[in-house]
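Residue numbers count from 1 along this sequence.
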Amino acid sequence: MSHYGSCEIAPIQSLVGQMGRRWVMGVISQLEDGHFYLEDLTASVEIDLSKAKVTTGFLSENTIVVAEGEMLVNGIYQVITCGFPPLEERDKSLKSLAQHDFFGGGTLTKEETLRLAELEKRSLNDMFVILSDIWVDSEEAMGKLETVLDGFESQEVVPSLFVFMGNFCSHPCNLSFHSFSSLRSQFGKLGQMIGAHQRLKEHSRFMFIPGPEDAGPSTVLPRCPLPKYLTEELQKHIPNAIFASNPCRVKFYTQEIVFFRHDLLYRMRRSCLMPPSTEETDDPFEHLVATITHQSHLCPLPLIVQPIIWNYDHCLHLYPSPHTIVLGDRSEQKAFKYTGITCFNPGSFSNDSTFVAYRPCTQEVELSAL
């Protein structure tokens with residue numbers, strides 16, 4: 001039931017021999033080249049999307065959709081309208097799944113949760129500074145970063161967390177890359193630069209998240225932290241630096257914040273089966289946010305486009321929906337609040353000199369640039 005009225009979702013198996021309109025829910029897959037199918041746990045049916053009216057979001061292979069349509073004589077399901085399943089609010093998810101720890105930090109008692117909520121109200125001054133694309137091998141980028149650090153060093157209250165996202169090198173660290181020793185020393189210089197800012201070193205935490213082209217075992221998601229060989233020199237200067245995986249999750253008192261560094265918008269637009277509806281918005285970033293929140297997954301792309309380590313696919317889940325999603329992307333800087341979830345892209349610091357100052361207490365996003 002919804003404010004549009006009610007509809008009954010039929011299993012795909014029941015479409016056989018049925019006439020008239022039916023609602024079905026399934027995942028879009030390409031079982032034959034150029035032929036798209038909708039499949040659920042009971043069966044699969046070939047679909048025709050040529051006349052379909054779609055809602056907000058990128059409709060690609062591997063996304064789960066609710067479709068209204070009817071079976072044609074030739075056994076193809078003609079889709080009339082198509083959209084993503086409705087989003088479940090975080091509070092509802094937590095109520096129905098009480099005592100389950102989705103975050104991974106252990107379950108909290110009611111008293112602990114209330115105490116954290118009280119502490120959160122008092123932490124108005126806490127601020128996160130998030131920068132994406134920190135090229136340590138670029139003098140220009142390092143000069144700009146020093147300007148940012150100088151600016152925050154002189155503030156009355158320094159940020160509580162700096163999040164540095166990859167890529168950390170202006171060239172992809174693939175098989176043709178042979179400058180790992182110089183990259184290691186450049187990380188050391190970055191550590192020296194941060195260490196020279198005494199107040200930041202003492203009162204702020206520094207977190208490093210690898211990018212899609214950084215050094216690592218493979219380009220498969222989720223990505224493990226930066227190799228120890230590269231970061232040892234940096235860690236000598238900043239012993240409490242955190243080297244996180246990509247994606248990574250941060251708990252701020254009662255809030256859950258997800259950080260993900262991937263050029264997702266470009267890939268989603270390339271894999272899109274048909275242009276998204278422009279009725280509600282024509283902003284690609286807003287379509288991207290709608291897609292990942294309704295799919296409850298950070299990367300709902302087919303495995304041939306983006307391989308995923310199947311045993312760790314749960315790391316990419318967005319269920320229950322987090323309070324904040326930070327999507328580090330090469331595309332332009334954007335912020336968008338969707339169904340109570342704050343989503344933003346800090347932009348590419350080395351290319352556009354853009355970054356974000358985020359106040360988690362009020363969920364206030366300050367889009368900044370040098």
Taking the side chain from [X] and the backbone from [Y], do they hold a donor-acceptor pair closer than 3.5 Å?
X    : Y    : result
S271 : R267 : yes
R261 : G211 : no
Q255 : F252 : no
Q295 : I64  : yes
S204 : K201 : no
S179 : S182 : no
H294 : P85  : yes
S350 : D133 : yes
T291 : F58  : yes

Exercise. Side chain to side chain contact (heavy atoms under 4.5 Å, CB included) between V289 and E286: does it pass, once the steps are laid out?
Worked result: CA-CA 5 Å; V289 170; E286 293 182 16; 5.7 Å; no
Hydrophobic clusters here meaning ILVMFWY residues chained together by side-chain heavy-atom distances under 4.5 Å, can you tell me if [X] and [Y] are in one?
X    : Y    : value
F177 : I134 : yes
I292 : V305 : yes
I130 : L264 : no
L38  : M274 : yes

Problem set entry | Test side chain to side chain contact (heavy atoms under 4.5 Å, CB included) applied to A241 - qualifying residues, sequence neighbours left out |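 Listed in chain order: F208, L234, I238, F243.
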Does anything in [range] form a side chain to side chain donor-acceptor pair (under 3.5 Å)? List the pairs, not counting sequence neighbours.
range            : result
residues 318-328 : E88-Y319, T324-Y358
residues 30-41   : S29-E39, Q30-E61, E32-Y37, H35-E46, D40-T42
residues 237-250 : R249-E256
residues 217-232 : R184-E232

Which residues satisfy the ring pair (Phe, Tyr, Trp, His ring centres under 6.0 Å) test with [X], sequence neighbours excluded?
X    : result
Y266 : none
H297 : H317
F162 : F152, F206
F259 : none

Do [X] and [Y] make a side-chain contact, defined as non-hydrogen atoms from C-beta onward lying under 4.5 Å apart?
X    : Y    : result
M165 : V326 : yes
T354 : L367 : no
V148 : K144 : no
P276 : T56  : no
R330 : N167 : yes
Y77  : I12  : no
K121 : C361 : no
D137 : H171 : yes

Problem set entry | Passing candidate, side-chain contact (heavy atoms from CB on, under 4.5 Å) with Q333, options N345, V356, D352 |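 Going through the options one by one, the only one that passes is V356.
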Using 0.5 Å steps for rounding, measure from the [atom1] atom of [X] to the [atom2] atom of [Y].
X    : Y    : atom1 : atom2 : result
E89  : I341 : CD    : CD1   : 9.5 Å
I325 : T293 : CD1   : OG1   : 6.5 Å
I304 : N62  : CD1   : CG    : 9.5 Å
S154 : H197 : OG    : NE2   : 9.0 Å
E366 : F128 : CD    : CZ    : 14.5 Å
S96  : L94  : OG    : CG    : 8.0 Å

For this session: Mind running side chain to side chain contact (heavy atoms under 4.5 Å, CB included) on M207 and V250 for me, showing each step along the way?
Result: CA-CA 10 Å; M207 187 163 81; V250 169; 3.8 Å; yes
Counting only heavy atoms from other residues, nucleotides and ligands, does the tally under 6.0 Å from [atom1] of [X] exceed 12?
X    : atom1 : value
L31  : CG    : yes
R270 : CZ    : no
Q155 : CD    : yes
H100 : NE2   : no

Can you sort out the partners of [X] under salt bridge (charged side-chain N to carboxylate O under 4.0 Å, His left out), two or more places apart, ordered by chain and number?
X    : result
E120 : none
K92  : none
E279 : K53

For this session: For the pair T147 and D150, evaluate side chain to side chain contact (heavy atoms under 4.5 Å, CB included) and give the outcome as yes or no after the intermediate values.
Result: CA-CA 5 Å; T147 310; D150 288 343; 5.6 Å; no
For this session: Mind telling me whether H262 and F260 have parallel, tilted or perpendicular rings, with 30° and 60° as the class edges?
Result: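 The rings of F260 and H262 lie parallel, inter-plane angle below 30°.
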For this session: Given side-chain hydrogen bond (donor to acceptor under 3.5 Å, both in side chains), test D329 with S331 step by step and report yes or no.
Result: CA-CA 5 Å; D329 200 298; S331 57; 3.1 Å; yes
Problem set entry | E112 and R115: CA distance, side-chain angles, deciding distance, salt bridge (charged side-chain N to carboxylate O under 4.0 Å, His left out) verdict | CA-CA 5 Å; E112 284 172 322; R115 189 175 66 84; 5.8 Å; no
Problem set entry | Side-chain H-bond candidate by donor/acceptor type, S50 with D48, under 3.5 Å | yes
For this session: Show your reasoning for whether side chain to side chain contact (heavy atoms under 4.5 Å, CB included) applies to Q18 and M71.
Result: CA-CA 7 Å; Q18 291 279 2; M71 285 297 281; 5.7 Å; no
